[in-house]
Asker: 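Sharing a structure, written as structure tokens. Questions coming.
Throughout, a chain's letter reflects where its sequence line sits, starting with A, and its residues are numbered from 1.
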Number of protein chains: 2
Amino acid sequence: MATEPIALDRRQRRRQETIEEVLDIAVEIMTEHGVGGLSLGEVARRMGIRPPSLYVYFPSKEALYDALFARGAREIADVLTEGTRRLLDELEPGRSLADVMLDAARTFVRWTMEHPAYTQLLYWRPVPGYEPSPEAFAPAVAMVETSRDRFAELQRRGLIRADASIDDLQRDWAVILTGVVTRQLANAPHEKFEEGRFTSGLTDLVTMFARHYESDQSTPTRGSRRARQR
Amino acid sequence: MATEPIALDRRQRRRQETIEEVLDIAVEIMTEHGVGGLSLGEVARRMGIRPPSLYVYFPSKEALYDALFARGAREIADVLTEGTRRLLDELEPGRSLADVMLDAARTFVRWTMEHPAYTQLLYWRPVPGYEPSPEAFAPAVAMVETSRDRFAELQRRGLIRADASIDDLQRDWAVILTGVVTRQLANAPHEKFEEGRFTSGLTDLVTMFARHYESDQSTPTRGSRRARQR
DNA sequence: GTCTATATGACGATAGAC
DNA sequence: GTCTATCGTCATATAGAC
């Protein structure tokens, strides 16, 4: 009887491992065939089991999509939260707003190019009838709040004009990044981040954006002028 | 025998009418259930025929998607080509670049909000395995070329800096409009153009964009300063 | 608890009668 | 041109072996 809780832990761990395997394979399939191309039969086939067995772990295909949404949202939130935290911690004085924002933009867009399946699921609406549950969406909401804190910190440090609306800035920031990612993934999905015809335009766009919001006292460096070299 | 060509015309006209009806109903269904939610069975049901009968007009579901893509690309190209032609013809001297670009941006984004099904099909990749054929894509290519001519004309007239790269401008322009449309459609598809939380930001974004590209001699009006209200 | 076996109904697609 | 009949595949559900 003393071994019961341990056996339970083992079972739960085993169960969690299977769930992770399902998610990994689902991402593989979505990467190959698009988010809408995911099929439970194909997942089962690649795992060497029968389709009904999947229902032990996920009550429906929607639930699988929801777990994938949550996983993707958590991953990009972690990458960005960690990346921008370091960026702010190690920020040297005199660094231009454009440089800082460009760093964050590259981190985000690079991730989306490396994870096109998650990106489609998170930022388009590829599955008819599926909407993320509040729980799956939670990491995305948290990421927006973190992002808001980061921009507010930049404003406090004087890199962003004091009179700028952080809400507007954040909305327009999301629009620009979404535009780059959407165009690249829709028009030339096989180009990598470094060579993408739209991802390459990040520098110009972000520089323009940063110039619009930067304080006048912030020293313009090479970075913040990059878009003007013509 | 003299009536044969007329009978043929009649048949062909009737056939074309049926094809148009299929496309209309397909758009209806895609608007209700998303682009991926289109089903031939549902089209047949609403037309009062059996699914196999659709194969007389379209050899596959892909062919139907291709006809829809071509139709959407033609419609938005017509709207924009006509709209920007009038805009340039009636352009008063002294009008700011921001005003002109805002007008074009509104025309485009308004159309996408009124035609979300076409927009998803044209600017996302909602259908696994489907890529538009070169023929279906042709109107989109022509639209890009027209757009290029319009920007070149603005540059010739002195509203856009002489040293600006039209290719870069056009790429970034597409990115910004795509970003606004994608965010609005993915995050709040039921908000109309006038009230959309992202479409409302068009003014700020386009003004910022225009300021970046406008010639210094172009007289700044209220419009071009809107985003800078301090 | 976890699996296999089996069934249902919708889908895209094809063959062939009329 | 439209139909019926049919096929293979899909998501989904349930019964029951182990």
Side-chain angles (χ1 to χ4, degrees), chain A residues 1 3-23 25-26 28-30 32-69 121 126-131, chain B residues 4 7-23 25-26 28-30 32-69 121 126-131:
Chain A
M1 294 296 168
T3 59
E4 240 186 346
I6 294 170
L8 201 93
D9 279 357
R10 278 224 180 100
R11 247 201 314 277
Q12 283 190 335
R13 193 165 51 237
R14 179 83 182 82
R15 182 183 167 83
Q16 195 54 41
E17 282 171 8
T18 308
I19 287 176
E20 297 299 327
E21 190 188 349
V22 171
L23 295 178
I25 292 178
E28 269 181 37
I29 296 171
M30 291 193 298
E32 291 170 27
H33 300 107
V35 170
L38 175 62
S39 97
L40 298 182
E42 183 63 24
V43 173
R45 206 169 296 123
R46 296 192 187 193
M47 289 182 70
I49 61 172
R50 305 292 149 195
S53 302
L54 291 171
Y55 283 80
V56 173
Y57 308 101
F58 299 96
S60 70
K61 197 184 181 186
E62 272 225 346
L64 174 55
Y65 273 126
D66 220 42
L68 289 164
F69 191 103
L121 187 60
V127 184
Y130 167 69
E131 275 193 74
Chain B
E4 240 188 343
L8 203 91
D9 278 357
R10 280 224 180 100
R11 246 201 316 276
Q12 284 191 336
R13 195 164 49 238
R14 179 84 183 82
R15 182 183 166 82
Q16 195 54 41
E17 283 171 7
T18 307
I19 287 175
E20 297 298 328
E21 190 188 346
V22 171
L23 295 178
I25 291 178
E28 270 182 35
I29 296 170
M30 290 193 299
E32 292 170 28
H33 300 106
V35 169
L38 175 63
S39 96
L40 298 181
E42 184 62 24
V43 172
R45 206 168 296 124
R46 297 192 187 194
M47 289 183 70
I49 62 173
R50 303 290 149 195
S53 303
L54 290 171
Y55 284 80
V56 174
Y57 307 101
F58 298 96
S60 70
K61 197 185 181 186
E62 272 224 346
L64 174 56
Y65 273 126
D66 220 41
L68 289 163
F69 190 103
L121 187 60
V127 184
Y130 168 67
E131 275 192 75

Asker: Can you find a pair of side-chain heavy atoms, one from A/Ile49 and one from A/Val43, that are under 4.5 Å apart?
Answerer: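 Answer no - side chains too far apart.
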
Asker: Measuring from B/Ile25:CD1 to B/Glu42:CD, what's the distance to the nearest 0.5 Å?
Answerer: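 Rounded to the nearest 0.5 Å, the CD1-CD separation comes out at 9.5 Å.
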
Asker: Can you spot which of A/Glu20, A/Gln16, A/Arg14 makes a side chain to side chain donor-acceptor pair (under 3.5 Å) with A/Thr18?
Answerer: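 Output: one option passes, namely A/Arg14.
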
Asker: Using a 4.0 Å heavy-atom cut-off across all strands, classify A/Ser39 as base, sugar-phosphate, or nothing.
Answerer: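 Sugar-phosphate only.
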
Asker: To check you understand the geometry: which heavy-atom pair defines the closest contact between A/Gly37 and B/Pro128, and what is its length?
Answerer: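 That would be N-CG, 3.3 Å.
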
Asker: Rounding to an integer number of Å, can you tell me how far B/Arg45 CZ sits from C/dC11 C1'?
Answerer: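 It works out to 10 Å between those atoms.
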
Asker: Less than 4.5 Å apart, any side-chain heavy atom of B/Arg15 and any of B/Val56?
Answerer: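 With C-beta onward as the side chain, the pair touches.
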
Asker: Quick check for you: name the first and last nucleotides of DNA chain D, 5' to 3', having an atom under 4.0 Å from a heavy atom of chain A.
Answerer: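 Endpoints of the contacted stretch of DNA chain D: D/dC10 to D/dT14.
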
Asker: Could you tell me the separation between the CD atom of A/Gln12 and the CD atom of A/Glu17, rounded to the nearest 0.5 Å?
Answerer: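 Rounded to the nearest 0.5 Å, the CD-CD separation comes out at 12.5 Å.
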
Asker: To the nearest 0.5 angstrom, please state how far the CG atom of A/Leu54 sits from the CG atom of A/Leu64.
Answerer: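 Nearest 0.5 Å value for the CG-CG distance: 8.0 Å.
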
Asker: Of all of residues 57-68 of chain B, which get a heavy atom below 4.0 angstrom from DNA chain C, listed by number?
Answerer: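 Heavy-atom cutoff 4.0 Å gives B/Ser60, B/Lys61.
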
Asker: For B/Arg14, which contact category applies under a 4.0 Å heavy-atom criterion: base, sugar-phosphate, or nothing?
Answerer: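 The answer is nothing, as B/Arg14 stays clear of every strand by at least 4.0 Å.
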
Asker: For the atom pair CG (B/Leu23) and CD (B/Glu28), what is the distance rounded to the nearest 0.5 Å?
Answerer: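 The CG atom of B/Leu23 sits 12.0 Å away from the CD atom of B/Glu28.
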
Asker: Just verifying a value: how many Å separate B/Arg45 CZ and B/Leu40 CG, rounded to the nearest 0.5 Å?
Answerer: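 Between B/Arg45 CZ and B/Leu40 CG, I get 11.0 Å after rounding to 0.5 Å.
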
Asker: At under 4.0 Å between heavy atoms, what does B/Leu54 touch on the DNA or RNA strands: base, sugar-phosphate, or nothing?
Answerer: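 Answer is nothing: B/Leu54 stays at 4.0 Å or more from every strand.
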
Asker: Sub-3.5 Å donor-acceptor pair from the side chain of A/Tyr130 to the main-chain atoms of A/Leu121, do we have one?
Answerer: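 Side chain of A/Tyr130 to backbone of A/Leu121: no pair is present.
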
Asker: Can you tell me how far apart OH (B/Tyr57) and CD (B/Glu21) are? Round to the nearest 0.5 Å.
Answerer: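 Nearest 0.5 Å value for the OH-CD distance: 9.0 Å.
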
Asker: Mind calculating the distance between CG (B/Leu40) and P (C/dA13) to the nearest angstrom?
Answerer: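 Checked: the CG to P distance equals 6 Å.
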
Asker: Pairs under 3.5 angstrom, nitrogen or oxygen only, protein versus nucleotides 6-9 of chain C, please.
Answerer:
none

